[in-house]
Amino acid sequence: MTSVTDTPIPAVTRLIATDLDGTLLRDDKTLSARTVAALTAAEEAGIEVFFVTGRPARWMDVVRNHVQSHGTAICANGAVVTDLRTDGDLLAVRALERDAALHVVRTLREAAPGASFAVEMTTGINYEPSYPPFHLDPGATVAVAEKLLHEDTPGTGAPVLKLLAHHTELAPDAFLALARATAGDRASITRSSPSALLEVSGLGVSKATTLAACCAERGISPDEVVAFGDMPNDIEMLSWAGASFAMGNAHPDVLAAATGRTAANEQDGVALVIERILAARAEGRTEAR
């Protein structure tokens, strides 16, 4: 892996895919003026910018004002495609089947005693009494996961986007490895938090697979995509894109997966690369004259 100044960029960049927390956003969850300017300049140059995040669609206000004509964002680690120009209209949903979610719950209760769970649905999040206090969604239902996932009539409940599993004692990477070893045959399991908090999606659902589908709809190839990320839930996306940059603050596995490295989120690492892409494009136009 090389630095931002050495990493080759695509001859043609048609789409930028960027994670939010720990990547595009600063630690205080804001966008710097430099980053806003870079995003605007990229869109004005005809490069689509996709926000690709583990956040639910309802937590996208921080970037809602910075989408351009397409308005598309990929949320919940690929489980949802939404149009940020609307009130959160869902363009596509890739749900986690409830029986698979129940299997993961039962498996982790046995393999990691003390685990607690939350269920993210298209209607909002619900969680267990022992799950860490959740203040962003005060209307949540609190009950054991088995009850939250129960359906009187199969297929009639709101689609499940993610199952969240938290542990107070296990190390984050150890919890992830355990979950993948014991339940990874039924669901996609990853993490983006510094704590032992796992994110469980439908089998085969990831930022990468949903981004690939969105790009295919637009006739955009992986070689025309530049991606940014910092945590394990970004690895598949970074591996899929033709050029990818791990943030300076990234998890070691992310650093290993990306083709390049940029500055940390606090130092506007995404903006730095976008500026380089736009400078190379401008230089190419000048040379062509």
Side-chain angles (χ1 to χ4, degrees), residues 1-53 55 60 62-74 84 207-208 211 214-215 218 220-231 234-235 237-251 254-289:
M1 184 182 63
T2 56
S3 70
V4 63
T5 55
D6 299 328
T7 302
I9 56 175
V12 177
T13 299
R14 295 182 59 193
L15 188 141
I16 290 168
T18 178
D19 173 51
L20 294 184
D21 297 281
T23 300
L24 190 73
L25 302 180
R26 291 193 165 185
D27 290 344
D28 63 0
K29 308 304 180 185
T30 64
L31 290 171
S32 71
R34 182 180 183 182
T35 294
V36 170
L39 296 175
T40 301
E43 293 272 11
E44 290 176 348
I47 301 172
E48 292 193 70
V49 178
F50 271 35
F51 303 121
V52 188
T53 177
R55 288 183 174 219
M60 296 296 287
V62 66
V63 292
R64 192 177 303 276
N65 293 332
H66 305 291
V67 297
Q68 301 297 320
S69 58
H70 61 85
T72 307
I74 296 171
L84 296 183
K207 291 184 175 185
L211 176 62
C214 290
C215 287
R218 291 161 171 77
I220 297 174
S221 71
D223 290 342
E224 297 171 314
V225 177
V226 178
F228 300 87
D230 72 306
M231 289 297 283
D234 297 313
I235 289 175
M237 178 175 73
L238 298 178
S239 299
W240 176 83
S244 58
F245 291 86
M247 308 307 291
N249 50 288
H251 185 283
V254 177
L255 293 169
T259 61
R261 179 174 182 171
T262 187
N265 64 313
E266 283 287 289
Q267 283 75 51
D268 299 323
V270 174
L272 194 159
V273 178
I274 294 176
E275 290 164 358
R276 182 180 166 216
I277 291 170
L278 296 176
R281 175 175 289 201
E283 182 178 344
R285 286 198 300 267
T286 300
E287 292 176 352
R289 291 174 181 168

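Numbers here simply count residues along the sequence, with the first being 1.
- For the residue pair M237 and A17, the shortest heavy atom distance occurs at SD-CB, 4.1 Å.
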- Item | Audit row: I74, F51, side chain to side chain contact (heavy atoms under 4.5 Å, CB included) steps and yes/no | CA-CA 6 Å; I74 296 171; F51 303 121; over 6 Å; no

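- Under the salt bridge (charged side-chain N to carboxylate O under 4.0 Å, His left out) criterion, E266 pairs with no residue, sequence neighbours left out.
- Side chains of D234 and K207 form a contact here, defined as non-hydrogen atoms less than 4.5 Å apart.
- The side-chain hydrogen bond (donor to acceptor under 3.5 Å, both in side chains) search around D27 returns N265, not counting sequence neighbours.
- Every residue meeting the side-chain contact (heavy atoms from CB on, under 4.5 Å) condition with A271, not counting sequence neighbours, appears here in chain and number order: R34, T35, A38, D268, E275.
- Listed for the R281 side chain is a donor-acceptor partner under 3.5 Å among the backbone atoms of A45.
- Shortest non-hydrogen contact noted between I9 and A280 is CD1-CB, 3.8 Å.
- Closest approach of A41 to L278, counting heavy atoms only: CB-CD1, 3.5 Å.
- Under the side-chain hydrogen bond (donor to acceptor under 3.5 Å, both in side chains) criterion, T23 pairs with D19, D230, sequence neighbours left out.
- The CZ atom of F228 sits 9.0 Å away from the CG atom of L24 when rounded to the nearest 0.5 Å.
- Looking at Q267 and L272, their side chains never come closer than 4.5 Å, going by heavy atoms from C-beta outward.
- In this structure, the separation between CD1 on I220 and OG1 on T13 is 10.5 Å, given to the nearest 0.5 Å.
- Residues meeting the side-chain contact (heavy atoms from CB on, under 4.5 Å) test with A42, sequence neighbours left out: I16, I47, V49, I274.
- In this structure S239 satisfies the side-chain hydrogen bond (donor to acceptor under 3.5 Å, both in side chains) test with no other residue, sequence neighbours excluded.
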- Can L39 and V63 be said to form a side chain to side chain contact (heavy atoms under 4.5 Å, CB included), step by step? CA-CA 11 Å; L39 296 175; V63 292; over 6 Å; no

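- The distance from atom CG of L31 to atom CZ of R26, rounded to the nearest 0.5 Å, is 9.5 Å.
- For P222, the side-chain contact (heavy atoms from CB on, under 4.5 Å) criterion is met by W240, not counting sequence neighbours.
- A side-chain contact (heavy atoms from CB on, under 4.5 Å) with L25 is found for exactly one of V62, V270, T30, namely V62.
- The shortest heavy-atom contact between A73 and M60 is CB-CE, 3.9 Å.
- Taking CZ of R14 as the start and OG of S221 as the end, the distance is 7.5 Å to the nearest 0.5 Å.
- Take D21 and apply the salt bridge (charged side-chain N to carboxylate O under 4.0 Å, His left out) test, not counting sequence neighbours, and it matches K29, R55.
- In this structure, CG on L238 lies 12.5 Å from CE on M231, to the nearest 0.5 angstrom.
- Heavy-atom minimum distance, A257 versus S244: O-OG, 4.4 Å.
- Looking at R218, its side chain does come within 3.5 Å of a backbone N or O of C214 through a donor-acceptor pair.
- What you find for T262 and G269 is that their closest heavy atoms are OG1-O, 2.8 Å.
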